[in-house]
Amino acid sequence: MADAQRARYLMLCLCILFIIPALVSAHLIEVVAGKKECFFEDLHEHDKMTVTYQVGGGGHLDIDFWLSDPETRVLGKHVRQSTGSISITAEKNGRHEYCFSNQMSAIADKMVSFNVHGVIYVAEDADVVAPIEREIRSLANGLTAVKDEQEYIVVREKTHRNTAESTNSRVKWWSILQAIVLFSVVAWQVYYLQSFFEVKRVI
């Protein structure tokens, strides 16, 4: 009996390791100025879902985000945020929709990276779980959090790199402009001073 339980737990561990990559799916989208992008998940009652997002580029790095149930009732909403996370437990069966809106912007497109954490069905006997199963679930949640943090760092590094490159480019062109203006002023001053020493002959 003990061997059967160990085999069952081993199979459960292997399943968790194979399922974890599917539980967290990362996406990168471009939300055009004045538009919105919507996605959906079909959930059952008591299913759990978490959506995290990060604006990686465009404008003031802000986006509107909301998540609604099958009856279009808003379950969570963020306004002009650069990063955020909303977790829900489905109260009804059906299609749950979440949207990223850039309708507040007239010219700036936004690059948004977001993750949809795996949908976990809570069975009727969810309160009766073996300690090892509880630890495996905790481990899966920890790995999900680590993955989210890594993707957040990657997006932030990309944002800072783009900002630094943009700043360097502006400094370079500003320095070139200053040099051109400086040489122009020097040339004008030399020409102007030479005019004082010119000998004008009257014929």
Side-chain angles (χ1 to χ4, degrees), residues 4-5 7-32 34-56 62-105 110-152 154-155:
Q5 286 184 343
R8 177 179 168 228
Y9 292 145
L10 179 60
M11 290 297 297
L12 182 60
C13 292
L14 292 175
C15 289
I16 289 291
L17 291 177
F18 282 111
I19 289 174
I20 283 175
L23 289 178
V24 182
S25 53
H27 306 276
L28 180 64
I29 61 172
E30 181 180 15
V31 186
V32 179
K35 302 292 184 180
K36 67 178 181 179
E37 295 286 343
C38 293
F39 306 87
F40 65 88
E41 295 287 345
D42 290 320
L43 304 181
H44 299 90
E45 186 178 0
H46 302 308
D47 281 357
K48 295 182 179 181
M49 182 178 72
T50 300
V51 180
T52 61
Y53 65 92
Q54 167 75 31
V55 181
D62 57 349
I63 201 79
D64 293 340
F65 173 74
W66 65 85
L67 193 155
S68 57
D69 66 6
E71 298 178 354
T72 68
R73 182 169 60 95
V74 177
L75 303 178
K77 184 176 183 179
H78 294 163
V79 178
R80 292 178 178 268
Q81 298 292 319
S82 61
T83 183
S85 176
I86 292 181
S87 299
I88 64 165
T89 299
E91 298 178 356
K92 298 181 177 64
N93 297 332
R95 180 164 295 182
H96 290 64
E97 186 179 55
Y98 52 96
C99 297
F100 300 93
S101 174
N102 193 24
Q103 294 174 322
M104 89 288 280
S105 177
K110 308 289 177 64
M111 297 299 299
V112 181
S113 172
F114 69 95
N115 296 326
V116 181
H117 295 218
V119 178
I120 302 174
Y121 179 72
V122 180
E124 295 180 357
D125 60 346
D127 294 333
V128 184
V129 293
I132 190 169
E133 293 181 27
R134 189 179 297 110
E135 291 298 326
I136 291 174
R137 292 182 184 179
S138 176
L139 177 62
N141 292 333
L143 291 175
T144 299
V146 170
K147 183 175 177 62
D148 285 344
E149 187 66 22
Q150 287 178 335
E151 292 178 350
Y152 171 79
V154 169
V155 172

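Just so it is clear, the values below take in all heavy atoms, side chains as well, and ignore hydrogens, waters and symmetry mates.
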Report yes if the side chains of [X] and [Y] come closer than 4.5 Å at any heavy-atom pair, otherwise no.
| X | Y | value |
| --- | --- | --- |
| His96 | Ser68 | no |
| Lys110 | Asp62 | yes |
| Val51 | Glu41 | no |
| Arg73 | Leu75 | yes |
| Val116 | Tyr98 | yes |
| Leu43 | Ile88 | yes |
| Ile63 | Asn102 | yes |
| Glu91 | Asp69 | no |

*Taking the six-membered ring for Trp and the full ring for Phe, Tyr or His, determine whether the centres of Phe65 and Phe114 are under 6.0 Å apart.*
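Ring centroids of Phe65 and Phe114 are no less than 6.0 Å from each other.
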*Between Met49 and Leu67, is a side chain to side chain contact (heavy atoms under 4.5 Å, CB included) present by the stated rule, with each step listed?*
CA-CA 11 Å; Met49 182 178 72; Leu67 193 155; 3.9 Å; yes
*Could you pull out all residues at least two apart from Ser82 that satisfy side-chain hydrogen bond (donor to acceptor under 3.5 Å, both in side chains)?*
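So Ser82 forms no side-chain hydrogen bond (donor to acceptor under 3.5 Å, both in side chains) with any residue.
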Between [X] and [Y] (side chain of the first, backbone of the second, donor and acceptor by atom type, cut-off under 3.5 Å), is there such a pair?
| X | Y | value |
| --- | --- | --- |
| Ser85 | Tyr53 | no |
| Asp64 | Arg80 | yes |
| Lys36 | Gln103 | no |
| Asn93 | Glu45 | yes |

*Kindly compute the distance separating OG (Ser101) from NZ (Lys35), expressed to the nearest 0.5 Å.*
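Output value for this atom pair is 11.0 Å.
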*asked:* Nearest 0.5 angstrom please: Gln54 CD to Leu28 CG, how far?
replied: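 One gets 11.5 Å once the value is rounded to the nearest 0.5 Å.
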*Flag if over 12 foreign heavy atoms under 6.0 Å of NZ, Lys92*: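 Buried by this count: over 12 neighbours within 6.0 Å.
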